[in-house]
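Just below is one structure, and these are the notes that go with it.
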Amino acid sequence: MKNRARLSLRVPAPPSRPGEKPDFSGVKLSGAGEVRRPDIDTRAHDMQDMAFALIRVLDDKGEALGAWNPKLDAETLRRALRNMLLTRAYDDRMYRAQRQGKTSFYMKCTGEEAVSIAAAFAMQPDDMCFPSYRQQGLLIARGYPLVEMMNQVYSNARDPLKGRQLPIMYSSKAHGFFTISGNLGTQFPQAVGWAMASAYKGDDRIAASWVGDGTTAEGDFHHACNFASVYKAPVILNVVNNQWAISSFAGIAGGNESTFASRGIGYGLPALRVDGNDFLAVYAATQWAAERARSNLGATLIEHYTYRAEGHSTSDDPSRYRPSDEAKAWPLGDPIERLKHHLIAIGEWSEEQQQAAHADAVEQVKAANKEAEAVGTLGHGELPSAKTMFEDVFKEMPEHLRRQRQQMGV
Amino acid sequence: MKNRARLSLRVPAPPSRPGEKPDFSGVKLSGAGEVRRPDIDTRAHDMQDMAFALIRVLDDKGEALGAWNPKLDAETLRRALRNMLLTRAYDDRMYRAQRQGKTSFYMKCTGEEAVSIAAAFAMQPDDMCFPSYRQQGLLIARGYPLVEMMNQVYSNARDPLKGRQLPIMYSSKAHGFFTISGNLGTQFPQAVGWAMASAYKGDDRIAASWVGDGTTAEGDFHHACNFASVYKAPVILNVVNNQWAISSFAGIAGGNESTFASRGIGYGLPALRVDGNDFLAVYAATQWAAERARSNLGATLIEHYTYRAEGHSTSDDPSRYRPSDEAKAWPLGDPIERLKHHLIAIGEWSEEQQQAAHADAVEQVKAANKEAEAVGTLGHGELPSAKTMFEDVFKEMPEHLRRQRQQMGV
Amino acid sequence: MAQMNMIQALNSALDVMLGKDPNVLTFGEDVGYFGGVFRVTDGLQKKHGLTRCFDTPIGEGGIVAVAIGMGAYGLRPVVEIQFADYIYPAYDQIVSEAARLRYRSAGDFTAPLVIRTPYGGGIFGGQTHSQSPEALFTHVAGLKTVIPSTPYDAKGLLIAAIEDDDPVLFLEPKRIYNGPFDGYHDRPVQPWSKHPASEVPDGHYIVPLGKANVVREGNDVTVLAYGTMVHVALASARDANVDAEVIDLRTLVPLDIETIVTSVKKTGRCVIVHEATHTSGFGAELSATVQENCFHHLEAPIERITGWDTPYPHAFEWQYFPGPGRVIEALKRAMEG
Amino acid sequence: MAQMNMIQALNSALDVMLGKDPNVLTFGEDVGYFGGVFRVTDGLQKKHGLTRCFDTPIGEGGIVAVAIGMGAYGLRPVVEIQFADYIYPAYDQIVSEAARLRYRSAGDFTAPLVIRTPYGGGIFGGQTHSQSPEALFTHVAGLKTVIPSTPYDAKGLLIAAIEDDDPVLFLEPKRIYNGPFDGYHDRPVQPWSKHPASEVPDGHYIVPLGKANVVREGNDVTVLAYGTMVHVALASARDANVDAEVIDLRTLVPLDIETIVTSVKKTGRCVIVHEATHTSGFGAELSATVQENCFHHLEAPIERITGWDTPYPHAFEWQYFPGPGRVIEALKRAMEG
Ligand SMILES: Cc1ncc(C[n+]2csc(CCOP(=O)(O)OP(=O)(O)O)c2C)c(N)n1
Ligand SMILES: Cc1ncc(C[n+]2csc(CCOP(=O)(O)OP(=O)(O)O)c2C)c(N)n1
Ligand SMILES: [Mg+2]
Ligand SMILES: [Mg+2]
């Protein structure tokens, strides 16, 4: 051990930065229909390969291929497409609203619409979702009124959350949508607890949760996988790998060293890796996991391989840390375009219908927004009462909060 | 989805409880010499099988077999054996001291001596260890004076930690032994940080850390694996799977669902699984990982498959939760017996020498204990000064601590 | 009525609630088959079944997170953190999640969980088995903090906590699990059986949250204490020979300000006692609150007798622990002040 | 001498220390190439290299743990927690480890790290981008807590913190990153450039830890504040038309008790202002300490003007924020008291 070599610290960096050419040459894709579909009662140990493959159903020609093809009827697909269009139109409108000063903050899910819309379609309406801030599509697909979402974003008098939460931190128990936390990852093990409760009660409802690639680094990710494995909780644990965590590429979360799906292996959790921009693939993977969970076979970890096509939030400018044309170079395309292409390919849709559906989505959003704005926007119009600030801290307001409310003079 | 099945909650339980027959039929062992030895620069992805195998060198006849045989000379093996004997004798003496009321608390590592002694032998003396409370063997093998350890356990006037720490929470920077924390798992990512620092400085020293099977459930385990993977930290991450975490069997930590070694796969960390009661196997695995780390190839996760042959601590009574003869039924035997057997098998040792070595270890411990007891034991004899209670909270004592010291009247 | 020590009383509370409400379940490290390292859940798994009382992985953050999810479902989980010193890995889930769920969802989701954990010194547990972290939680809006000082209160408060719809941190003073330790560590240990509050009804009853208990009436000085220190305060009042009124707070949040203020207005003097480190301890809040409410009645400075601002040092248990020696002196100073 | 806002001043402190000491390095979420979401580390990776200033996984506990290990090796890591609201996952590593390393190893190992984190409200950040968690750290023995209120202090205190051999929590009042906000949210924002403390030397200097700053002398009432609230206090003193002495604490632990006590003994009155929730806030410690040390000099009750005991509600920024309205009233009450 004389003359030992000098060590050096490795800090990973993405293949390209602003001013450079986008480079996705490292991305390994399976072909559509290529990956096997194990039975839902397959032992996790016997399907470890799935964590390194990529489930894809739609090919470049818009054909649906292979064992994972969920074979949905055209009407369902059209509904799904409309929901994705609605989500995107909603995002666009709210983004503009923030830019117009009508609220403080907004976050889009552009390019990731399939992840939540397909999940909502593949799960039962009474299954419980513990989303991150980028699954607004779940609410939309489950029919939560757009105007309620807007009231929340605008913190106006009709905001169901009474102006207390940052925009987009929705909550609706009635729609199986858990109150979103500003703290990353905390909902992941909570979902496991909810699922354990459902199993404890002999219920038949399952839970699902979503975190980003970056968020997998939190201890809560580990707790979720571990408790889910130990107690065979009926839960679907989704990692939405959209390649970026604000300005950090997925390699900073460990994504260069292995797939996020493969994190499941060490817990003995079955893990699927799926083309997140392929509605059919996400649907099929979710369905597989939901069926497994509902059959008392426990949790599944699903990595959704996708791309955050826009900035992290209204506070972010991605051109400062990645090539501005990177989104266009993303090899898995756009989820809306791909589903549209498929519907057209099977003769169930046309460019004209797409135009009309898009216009309809924009119209719905516009109407809802008009209604919400008529109530109020952040600091303008009808606002929630400041008095309610002291409510819901506890079920009953204790003396000290009563006094403070008095001091505030309301 | 009509008539959905009712879910139920699964709570894992060990195969046997007090009053029942010990049952290790679930334990799958590889044969000695059977498992392949990949080159140290093998990609983690290409050695995932290692996480499910069990590296063993010594067979039942005491022969050393296969590619992992480190081929140590007999003198080294005898030194190792003496260190294991010394560790056990030390444990026995201190355990009795606690029972005699000479201190408040003690923890043995009986049956796990190979884990730390072999690691100390395979690493360089200036490599930095971040142990749990069950790696006293590291200190002993590195020549830290027994009497100092005892002074710490007795919280007497010569306690290097000035009476501040619970017994066994040793610290010696000079011996590359990081101050032990009462909080499980915190040292694991700290070791990664130390290793990153070594790499950052272009040093050649590596770090190692140890946690128990139970402790793998802490978020810090996840942080350690993740940071180690991302920054390719030169560190060895050891999981000492001794089957129990106080009263909880390893299944409560997820050990029934996959191996602890396989936790490494999701981070892209090479993972080895090793017979922790086989000195040669532990040595060889540690050496492999150390060489890999020192070659700037990053971290390795090693699961040491062993058995906690005695109670968790002096506060514990294992017969309340596991068959009292379970230790005897443990299929991997006793590490001291096995190394002895090997040395005898190769003609380098005898039962008589073993007796003498044992007597010598007991004698060393006795002498050191006499010296330590002469100074003092908890609350008796020469004690550290209570005044020092206010020191080392900060580098310089701030005004408020000065005042408090005054109030205490010392 | 049975005679119980605090461990038995807590066990009885859990037993009663497991029997009464199928939505109650309890889990934590070593709480299942073994019954907990302090035996508080002893026998409950056997009696109520594997899914009602079970072991968990050693991940405090996971334990609390899972309990929050269960609470959101509609259960009433009671979790044990083995020592309060090990609650910090769960800090984010408690502070950012359990405490805020109701507020941030405008009542849509709630987390009616109880976190039980043994705390405090006096047992030669060293730095990581002796801490009193209450003030790290009393600062958090949305969380209740409860500390019993007798078997009777322990059972009644724990049942009240389980039935409460808000998250409750339930700190158990482990030094008095087996007897009402008064701080005289060199005198023989008293068992609970000699204390009237060891008479504990077998069935269901509650001691309401948010109500302090005047455990000794007096006119000259008010002593505010909780947990183990209630017994130290009582012994000190007796031995200082002052007409002290001793108040056992029982609940720190919400605090029974009225009982405190009424007493201090009567006595004009106040001594606050706790084991936790001094700076930013809960004594600071008590002192500030008393001062704000009783300024014109105060005849002497309010004093805080607390642990020192150091980690809890193993060998200096009794130099660290705020025992009768220091409390008696403070009472005398208060009377002179 | 250059004119800097607080972000630039902090950036300059890091730049100076990275240049001066090869053992200094800085990392955290988005701090590398991007330069931090508040741009405090802007340009540092480019100038000092990839291993001196880099991005980390989103695991605050891991970030602090790794920094502790580096500190034990001999480095001086400066880590950023993106918002103070996200420090809780690192709470165990800070409280149980960084703060205790020196004590538990009797000086064998130390953790000379700095944890920088933006805190406080006034930016419509809602519950999880507005918190002021200082009191959750001031209770922890072994940890220093520092809060600057101007660009000059920010740079000098940060350099002092990096050179300090103890772990330091460095809380940055994000509302005043770009200008000395005085709480009048409906008036035009002032940039730092008009404030004298925006004159910042380019090179190395320190503002010592543990020393408060009397930012306004006065005889009638003492106002204790830190961070953003220093500017609110100054504006309030001005507009209340009282001869107030305003003290910027700058370091909460160790606290400059002498400066505080000297002032209150002079004025006989004291108002404490902070943004954090009321109960068990640092104001409680200040109030208790002042009362203990100045009892016989006090002519009116010490008041605490603080955030309410609720999470920080998005739409009620200005009803929550303890602005000049409430501080002025308190000053007037103190003068009448
Ligand atoms: C505990 C915690 N740490 C840090 C943050 C700040 N933060 C908000 S979003 C974000 C990036 C998350 O990235 P990822 O998990 O990949 O999700 P994505 O935004 O890409 O959907 C960060 C660091 C936070 N909200 N919570
Ligand atoms: C954070 C934390 N939680 C809980 C404990 C209490 N505790 C001490 S040892 C132990 C069991 C650890 O088991 P394992 O990791 O398997 O190590 P072993 O004792 O078997 O070596 C527990 C739960 C602790 N010390 N720290
Ligand atoms: Mg992402
Ligand atoms: Mg173990």
Side-chain angles (χ1 to χ4, degrees), chain B residues 8-14 17 103-105 154-156 159 161-167 169 181-186 212 214-221 245-249 252-254 312 315-316 320-321 378-379 383-384 386 388-393 398 400-401 404-405 407-408 410, chain C residues 25 27 29-39 42 45 49-63 82-83 85-86 88-90 92 123-131 277-279 305-320 325-326 329-330:
Chain B
S8 65
L9 185 65
R10 186 268 303 266
V11 177
R17 287 294 193 186
T103 188
S104 57
F105 183 76
Y154 290 147
S155 289
N156 68 20
D159 172 5
L161 307 185
K162 304 188 184 174
R164 293 181 196 145
Q165 272 279 46
L166 201 66
M169 303 273 174
S181 179
N183 297 56
L184 292 172
T186 47
T215 304
T216 58
E218 291 288 358
D220 277 330
F221 174 83
I246 309 185
S247 77
S248 301
F249 84 118
I252 291 293
H312 172 72
S315 314
D316 183 40
R320 299 190 77 133
Y321 51 78
L378 183 60
L383 305 176
T388 66
M389 191 165 110
F390 297 94
E391 292 169 8
D392 295 325
V393 178
H400 68 285
L401 283 175
Q404 292 183 13
R405 190 173 62 179
Q407 279 173 46
M408 199 182 80
V410 288
Chain C
L25 76 173
F27 49 94
E29 297 157 17
D30 302 294
V31 315
Y33 184 89
F34 184 53
V37 295
F38 289 104
R39 328 294 310 132
D42 193 25
Q45 180 177 87
L50 198 60
T51 64
R52 307 287 310 279
C53 173
F54 56 84
D55 292 335
T56 61
I58 305 172
E60 292 76 10
I63 294 169
Q82 201 162 83
F83 286 87
D85 316 63
Y86 305 138
Y88 309 122
D92 188 42
I123 61 151
F124 282 94
Q127 306 181 17
T128 54
H129 304 87
S130 305
Q131 293 169 38
T277 51
H278 183 83
T279 300
I305 301 300
T306 68
W308 310 115
D309 279 326
T310 76
Y312 214 117
H314 177 249
F316 309 120
E317 193 75 40
W318 306 121
Q319 288 92 337
Y320 189 93
R326 289 176 61 207
E329 273 176 47

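Order of the sequence lines sets the chain letters (A, B, ...), proteins ahead of strands, with each chain counted from 1. All figures in this text were calculated on a predicted structure; none of them were measured in a lab.
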Could you label the plane-to-plane angle of the B:F105 and C:H129 rings as parallel, tilted or perpendicular, counting under 30° as parallel and over 60° as perpendicular?
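Tilted: the ring planes of B:F105 and C:H129 meet at 30° to 60°.
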Pair B:R320-C:R39, side chain to side chain contact (heavy atoms under 4.5 Å, CB included): steps then yes or no
CA-CA 12 Å; B:R320 299 190 77 133; C:R39 328 294 310 132; 3.2 Å; yes
C:F316/B:T388 under side chain to side chain contact (heavy atoms under 4.5 Å, CB included): CA gap, chis, key distance, verdict:
CA-CA 10 Å; C:F316 309 120; B:T388 66; 4.2 Å; yes
[X] portion near chain B, given a 4.5 angstrom heavy-atom threshold:
| X | result |
| --- | --- |
| C:E329 | neither |
| C:Y312 | backbone |
| C:Q82 | side chain |
| C:D85 | backbone |
| C:T279 | side chain |

Among [options], who wins on heavy-atom pairs under 4.5 Å with chain C?
| options | result |
| --- | --- |
| B:D159, B:L9, B:N183 | B:N183 |
| B:R405, B:Q404, B:M169 | B:Q404 |
| B:Q165, B:M408, B:R17, B:H312 | B:R17 |
| B:I252, B:D392, B:T215, B:L184 | B:I252 |
| B:G163, B:S181, B:S155 | B:G163 |
| B:G185, B:A386, B:A253 | B:A386 |

Rounded distance [0.5 Å steps], CD in B:E218 versus OH in C:Y86:
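Going from the CD atom of B:E218 to the OH atom of C:Y86 covers 10.5 Å.
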Rounded distance (nearest 0.5 Å) linking atom CG of C:D309 with atom CG of B:L401
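C:D309 CG to B:L401 CG: 6.0 Å, rounded to 0.5 Å.
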Please rank [options] by heavy-atom pairs under 4.5 Å with chain B and give me the top one.
| options | answer |
| --- | --- |
| C:W308, C:F124, C:W318, C:F54 | C:W308 |
| C:T310, C:T51, C:T128, C:D30 | C:D30 |
| C:G35, C:G126, C:A315 | C:A315 |

With a 4.5 Å limit on heavy-atom distance, are the side chains of C:E29 and B:I246 in contact?
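They are not in side-chain contact.
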What part of B:H400 gets closer than 4.5 Å to chain C, counting heavy atoms only: side chain, backbone, both or neither?
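Side chain only.
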Report which part of B:V393 has an atom under 4.5 Å of a heavy atom belonging to chain C: side chain, backbone, both, or neither.
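Contact with chain C involves the side chain of B:V393 alone.
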For the aromatic rings, using the six-membered ring if either is Trp, is the centroid distance between C:F34 and B:Y321 under 6.0 Å?
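Centroid separation for C:F34 and B:Y321: below 6.0 Å.
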For B:S104 and C:H314, run side-chain hydrogen bond (donor to acceptor under 3.5 Å, both in side chains): C-alpha distance rounded to whole Å, both residues' side-chain angles, the deciding distance at 0.1 Å, then the answer.
CA-CA 9 Å; B:S104 57; C:H314 177 249; 2.6 Å; yes
At their closest point, which heavy atom of C:G125 faces which heavy atom of B:L166, and how far apart are they?
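For C:G125 versus B:L166, the nearest heavy atoms are O-CD1, 3.3 Å.
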